[in-house]
There are 2 protein chains.
Amino acid sequence: MQKPTVRDLYTRESYPEESIEMEGWVRTIRSSKKIAFIEMNDGTFLKNAQIIVKSANTPNFKDITKIPISATIKVTGKVIETPDAPQPFEIHADSLKEIGGSNSDYPLQKKAHSYEFLRKIAHLRPRTNTFYSVFKIRSLAAFAIHQYLQSKGFVYVNTPIITSSDTEGAGQMFRVTTMDMNNLPKTKDGKVDDSKDFFGQETNLTVSGQLPGEAYTLAFKDSYTFGPTFRAENSHTSRHASEFWMIEPDMAFANLQDIIDVQEGIVKYVIKYLFDHAEEELKFLDENVNHGLIKRLMHTKNEKFAVVTYTKAIKLLEDSGADFKAPVKWGIDLQSEHERYLSEQIFKKPVFVTDYPKGIKAFYMRDNEDGKTVAAVDMLMPTIGEMSGGSEREERYNELKKKIHDFNLPPEEYQWYLELRKYGETKHSGFGIGFERLLMYVTGMENIRDVIPFPREPGNAPF
Amino acid sequence: MQKPTVRDLYTRESYPEESIEMEGWVRTIRSSKKIAFIEMNDGTFLKNAQIIVKSANTPNFKDITKIPISATIKVTGKVIETPDAPQPFEIHADSLKEIGGSNSDYPLQKKAHSYEFLRKIAHLRPRTNTFYSVFKIRSLAAFAIHQYLQSKGFVYVNTPIITSSDTEGAGQMFRVTTMDMNNLPKTKDGKVDDSKDFFGQETNLTVSGQLPGEAYTLAFKDSYTFGPTFRAENSHTSRHASEFWMIEPDMAFANLQDIIDVQEGIVKYVIKYLFDHAEEELKFLDENVNHGLIKRLMHTKNEKFAVVTYTKAIKLLEDSGADFKAPVKWGIDLQSEHERYLSEQIFKKPVFVTDYPKGIKAFYMRDNEDGKTVAAVDMLMPTIGEMSGGSEREERYNELKKKIHDFNLPPEEYQWYLELRKYGETKHSGFGIGFERLLMYVTGMENIRDVIPFPREPGNAPF
């Protein structure tokens with residue numbers, strides 16, 4: 001007997017009447033005295049298979065009508081083509097039984113639930129159509145990114161999560177320790193003795209894999225990280241999480257234009273991959289979550305992204321006459337409202353802003369000749385704002401050393417990073433994409449907590 | 001002018017004489033008065049391109065002979081086919097210049113270095129042939145695993161790194177905190193007040209993504225994690241690291257045989273993928289690091305893995321007459337020496353050992369009917385021992401509740417995990433592969449520190 005999945009059945013061209021056996025979960029049951037309609041999902045496809053059970057030839061018909069939502073069933077029967085029905089086929093059951101139980105207080109009954117409520121049952125929410133779609137897309141998008149970069153020869157490097165250095169020289173970090181908090185080892189002067197900690201020193205969770213990633217760029221030409229990063233910021237916005245994933249490609253012998261091309265390439269490839277592999281899910285989200293999603297993605301896939309310098313962007317914002325909460329003038333760090341205005345109102349598409357003032361950017365970015373700006377680039381997206389940030393990396397040993405000094409960074413922590421230049425001053429450039437920001441863009445979800453399976457935020461780390 | 005990479009040139013069928021421009025790093029320079037031979041690597045290929053510079057037509061010839069190892073050069077010239085030479089082509093330089101410096105004390109000169117020494121310069125070691133090969137293979141193997149699982153419909157889920165629960169109910173964990181260690185908040189009775197910590201409770205780094213991963217299995221049928229996991233064990237063996245990556249697939253409506261098939265499938269697919277994409281690297285490792293590597297991998301790819309019950313395996317070990325450090329009898333946890341003896345001496349290939357005594361396995365494993373064993377399976381590999389471990393998951397609500405009680409686990413922490421069953425008792429099974437163990441197997445490296453870009457071990461977390 002064939003054992004197709006629901007996906008198998010939905011992706012077939014035709015339905016020769018055949019005997020099948022299937023297992024899945026009950027999503028809904030409607031029944032009369034003579035007939036029962038069961039919507040069964042088995043996790044392989046967004047849509048359900050409709051099963052028809054007739055009381056006349058089903059001894060346990062009465063039991064079947066009482067099966068609770070979300071119970072596991074096994075059905076044998078025939079797949080019948082239904083050219084006039086909304087779904088292309090249905091299953092006429094020869095036998096059907098409950099093989100795993102559920103309970104009548106299952107929280108995901110037919111009615112719609114708020115995202116806030118569903119976050120509290122993050123272990124159950126992927127069973128809803130919305131979160132099934134979102135997390136299927138998360139999986140496909142992750143794979144698409146690997147595929148795109150691997151096909152271009154990028155080497156994937158797993159940079160350390162536990163680190164003794166701080167990439168940005170800024171940003172709150174989480175401490176990692178095995179010391180007994182109720183009995184901390186102390187030095188003679190009464191301070192905590194970090195040398196007694198597990199790693200013999202203070203360690204933290206990484207905020208970025210970029211710096212160690214660069215070591216791999218300078219061996220493999222093109223490298224990328226794709227892993228979790230952490231920020232211990234007491235931030236409660238819809239765009240920030242304490243734990244999120246970043247993709248950080250870095251390319252040797254490459255300049256700003258090269259990384260602009262790859263950033264645009266990644267976004268377009270992900271969208272194309274989703275059109276090819278997540279048609280049902282995108283359609284569902286477009287119809288039920290964020291109207292216009294598919295049209296916006298199509299536009300993003302087909303349009304050439306805009307490029308503008310920071311200096312020009314500031315001028316455009318100043319001239320726009322728009323009323324911003326944070327005043328615009330040369331030297332400011334662009335806020336989300338400015339970023340969105342640029343991409344949504346002025347360019348009406350994704351836009352790369354380049355050459356930011358050096359004072360607002362990280363120490364490792366390469367100074368431009370003007371003495372005022374660095375060769376940096378941020379990719380700004382409609383509805384999202386900043387989705388990625390990158391730069392040429394300062395590859396000149398003396399200049400980098402000076403910047404570490406000027407930024408008041410502890411030189412001993414950056415010794416190895418300087419050595420990458422000491423033993424090979426190679427022009428290279430890279431960027432970091434916030435994976436969840438990309439997911440918000442391609443799913444239309446507006447809160448970062450709704451694109452992370454088990455989100456971490458201040459005051460909250462259940463599961 | 002064409003700008004090929006070294007890989008482009010090595011993977012060509014023929015070499016029509018053409019003008020090219022290339023950038024790369026100097027690996028070696030040999031020179032006489034008339035001619036210089038430069039081996040240039042650009043990171044795209046294990047092998048170097050040989051560049052020939054003639055003094056007669058090169059005004060800066062003398063400067064060229066003094067370029068330090070690892071400096072960045074730009075060369076223009078012609079690619080010439082060399083049918084009689086070991087390498088298929090060479091580059092005749094029209095011009096060559098140093099475009100990025102290095103220093104004469106570059107630590108990776110021609111001579112061989114010990115792995116111990118190279119670990120201390122983990123930021124430079126991927127520039128050696130050995131570690132170039134190892135980390136190229138790491139990247140390719142990671143992608144192969146994603147590709148294999150995605151092609152079978154598995155959904156990738158990023159389970160949380162920061163967690164408030166402890167999957168195994170065992171194993172030392174790293175605490176994650178933002179509290180000021182020199183000024184800890186205290187409760188009235190003088191204990192540390194964890195409720196004042198960032199997440200409002202004690203949190204740790206995950207030891208496994210399995211439990212939250214199961215929530216996704218029960219929505220998508222087949223799910224997998226692939227991410228970092230942590231063990232704060234003061235262990236200094238060559239097989240343990242404090243931070244390592246695991247792949248944890250989990251399948252609904254699946255039993256032990258189903259996960260045996262997928263485990264074997266992953267190993268074979270990775271090997272096949274490496275034969276197709278890392279021929280040079282495997283050849284290098286076979287010739288220089290671990291003789292017989294390719295033969296062993298070929299054998300693994302082609303042989304059906306063995307399957308034996310734990311009870312039978314114990315009998316085989318007892319009857320073997322071998323002298324083990326840890327005595328063998330029914331009920332023991334197999335040690336590395338037993339695992340290797342089974343796969344290397346008895347079966348002479350990878351072997352799955354099934355149905356372990358329940359006392360030595362985790363609470364979530366499904367009890368067998370015999371009342372003594374659980375439906376568990378470990379995959380044991382020659383030279384490695386355990387590479388993966390899995391089981392059927394106890395899906396019966398009451399049985400799972402009882403096991404949580406019997407294992408003395410805090411029931412409130414497992415409430416959500418129990419709810420996965422309360423709302424859907426579905427037979428499912430899964431396993432975890434130690435990614436670094438797999439890498440040791442396919443590279444022939446014998447120390448886990450040599451397959452992790454920046455390894456973390458007790459007392460040591462540089463970079």
Side-chain angles (χ1 to χ4, degrees), chain A residues 23 25 42-44 70 72 100-103 106 123 126-127 132 136 139 142-143 146 150 153 155-158 160-162 164 174-178 181-182 191-192 198-200 203 212 215-216 219-221 228 232 243 245 253 416 420 422-426 453-454 456 458-461 463, chain B residues 23 25 42-44 70 72 100-103 106 123 126-127 132 136 139 142-143 146 150 153 155-158 160-162 164 174-178 181-182 191-192 198-200 203 212 215-216 219-221 228 232 243 245 253 416 420 422-426 453-454 456 458-461 463:
Chain A
E23 290 175 79
W25 300 293
D42 70 357
T44 63
S70 185
T72 312
S102 182
N103 273 278
Y106 183 56
H123 56 312
R127 304 179 186 187
Y132 181 97
K136 181 71 158 275
S139 169
F143 183 66
H146 279 295
Q150 294 263 342
V155 169
Y156 180 39
V157 51
N158 295 132
I161 308 302
I162 298 173
S164 52
F174 290 103
R175 170 80 186 251
V176 174
T177 182
T178 56
M181 304 287 255
N182 283 305
K191 291 278 180 191
V192 172
F198 188 86
F199 294 108
T203 51
Y216 277 64
F220 290 103
K221 184 173 180 283
E243 178 180 320
W245 285 59
F253 321 115
W416 68 270
L420 295 179
K422 183 178 176 194
Y423 303 121
E425 291 179 317
T426 304
F454 298 92
R456 294 316 183 214
N460 200 5
F463 307 103
Chain B
E23 289 175 81
W25 299 293
D42 70 356
T44 62
S70 184
T72 313
S102 182
N103 273 278
Y106 183 56
H123 57 311
R127 303 180 187 187
Y132 181 97
K136 181 70 159 278
S139 168
F143 183 65
H146 279 296
Q150 295 264 341
V155 169
Y156 181 38
V157 51
N158 295 131
I161 309 300
I162 298 172
S164 52
F174 290 102
R175 169 80 187 249
V176 174
T177 181
T178 55
M181 304 288 254
N182 283 306
K191 291 277 180 191
V192 172
F198 189 86
F199 294 108
T203 51
Y216 278 65
F220 290 104
K221 183 172 179 285
E243 177 179 320
W245 285 58
F253 321 116
W416 68 269
L420 295 179
K422 183 178 176 195
Y423 303 121
E425 291 181 317
T426 303
F454 298 92
R456 295 310 180 220
N460 201 6
F463 308 104

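First the proteins, then the strands, lettered A, B, ... as listed; each starts at 1.
When heavy atoms are compared at a cutoff of 4.5 Å, A:T203 approaches chain B solely by way of its side chain, counted from C-beta outward. Only the side chain of A:A142 has a heavy atom closer than 4.5 Å to any heavy atom of chain B. Contacts between A:E23 and chain B at a heavy-atom distance below 4.5 Å involve backbone atoms as well as side-chain atoms. Interface residue B:N103: backbone and side-chain heavy atoms are both found under 4.5 Å from chain A. In this structure, the portion of A:P228 lying under 4.5 Å from any heavy atom of chain B is its side chain and not its backbone. At a 4.5 Å heavy-atom cutoff, the contact between B:E243 and chain A is made by side-chain atoms alone.
Comparing A:D42, A:I161, A:L420 by heavy-atom pairs within less than 4.5 Å of chain B, the highest count is held by A:I161. Comparing A:S139, A:A215, A:G459, A:S70 by heavy-atom pairs within less than 4.5 Å of chain B, the highest count is held by A:S139. Between chain B and the residues A:Y106, A:F198, A:F174, the largest count of heavy-atom pairs under 4.5 Å involves A:F198. Each of A:P160, A:G424, A:A232 has some count of heavy-atom pairs under 4.5 Å with chain B, and the biggest count is that of A:P160.
For the residue pair A:R456 and B:I162, the shortest heavy atom distance occurs at NE-O, 2.7 Å.
Taking the six-membered ring where tryptophan is involved, the planes of B:F454 and A:W416 are tilted, since the angle between them lies from 30° to 60°. Under the 30°/60° scheme for interplanar angles, the aromatic rings of B:Y156 and A:W245 are found to stand perpendicular.
The ring of A:Y132 has its center no closer than 6.0 angstrom to the ring center of B:Y216.
Looking only at distances, a side-chain donor or acceptor of B:N182 sits under 3.5 Å from a matching main-chain atom of A:V192. A donor-acceptor pair under 3.5 Å links the side-chain atoms of A:S164 to the main chain of B:A461, judged by distance alone.
Here the OG1-CZ distance, from B:T177 to A:R175, works out to 9.0 Å after rounding to the nearest 0.5 Å.
In summary, of the residues considered (A:F253, A:F220, A:Y423), a ring pair (Phe, Tyr, Trp, His ring centres under 6.0 Å) with B:W25 occurs for A:F253 alone.
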